[in-house]
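If you're wondering where the values come from, they're calculated on a predicted model, not measured in any experiment.
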Amino acid sequence: MSEQVHNRLAVVRAERKVSRQALATAVGAHYQTIGYIERGQYNPSLDLALRIAAHFRLPVEALFSLEPFRPLTDELYGPADGPDSANDTGRTPR
């Protein structure tokens, strides 16, 4: 049984301003493979996932997970529907 591997590769690539081609060259993969991974159409091998993580100097679990990632804004600032939400006026909805 093959489970989908969720990833934040596109987000990290954009943040670090690394093209698919540049990442592919750095980790010894084809640039289309990087695209397939980002779209969830291909699960990277452990070797490739570790090489990608090492390239970005991040732990592999920061890039890949068997569970869907929470939105980064939730991780950094808490969920939008929490008590500290900017939309929380303290009033009951009508």
### Query
Are Val27 and Val5 co-members of a hydrophobic cluster defined by side-chain heavy atoms under 4.5 Å apart?
yes
### Message
Distance check, rounded to the nearest 0.5 Å: Leu58 atom CG versus Phe64 atom CZ?
### Response
10.5 Å
### Reported CG-to-CZ distance for the pair Leu9 and Arg39, which is rounded to 0.5 angstrom
11.5 Å
#### Entry: Heavy-atom pair of closest approach, residues Ala53 and Val60
CB-CA, 3.7 Å
### Query
Given the rule that I, L, V, M, F, W and Y join up when any side-chain heavy atoms are under 4.5 Å apart, are Val11 and Leu66 in one cluster?
no
### Task
Keeping to residues at least two apart or across chains, list the side chain to side chain donor-acceptor pair (under 3.5 Å) pairs with something in residues 44-68.
Asp47-Arg51
### Message
For Phe56, is there any backbone N or O sitting under 3.5 Å from a side-chain donor or acceptor partner on Arg16?
### Response
yes
### Query
From His6 NE2 over to Leu63 CG, what is the distance, rounded to the nearest 0.5 angstrom?
14.5 Å
### Task
Can you measure from CD (Gln21) to OH (Tyr31) and round to the nearest 0.5 angstrom?
7.5 Å
### Message
To check you understand the geometry: which heavy-atom pair defines the closest contact between Ile37 and Pro44, and what is its length?
### Response
CD1-CB, 3.8 Å
### Query
In Å, rounded to the nearest 0.5 Å, how long is the span from CZ of Arg13 to CD1 of Ile34?
8.0 Å
### Message
Between Ile52 and Val12, is there a side-chain heavy-atom distance shorter than 4.5 Å?
### Response
no
### Transitive ILVMFWY side-chain link Leu46 to Tyr42, under 4.5 Å
yes
### Query
How long is the span from the NE2 atom in His30 to the OG1 atom in Thr25, to the nearest 0.5 Å?
9.5 Å
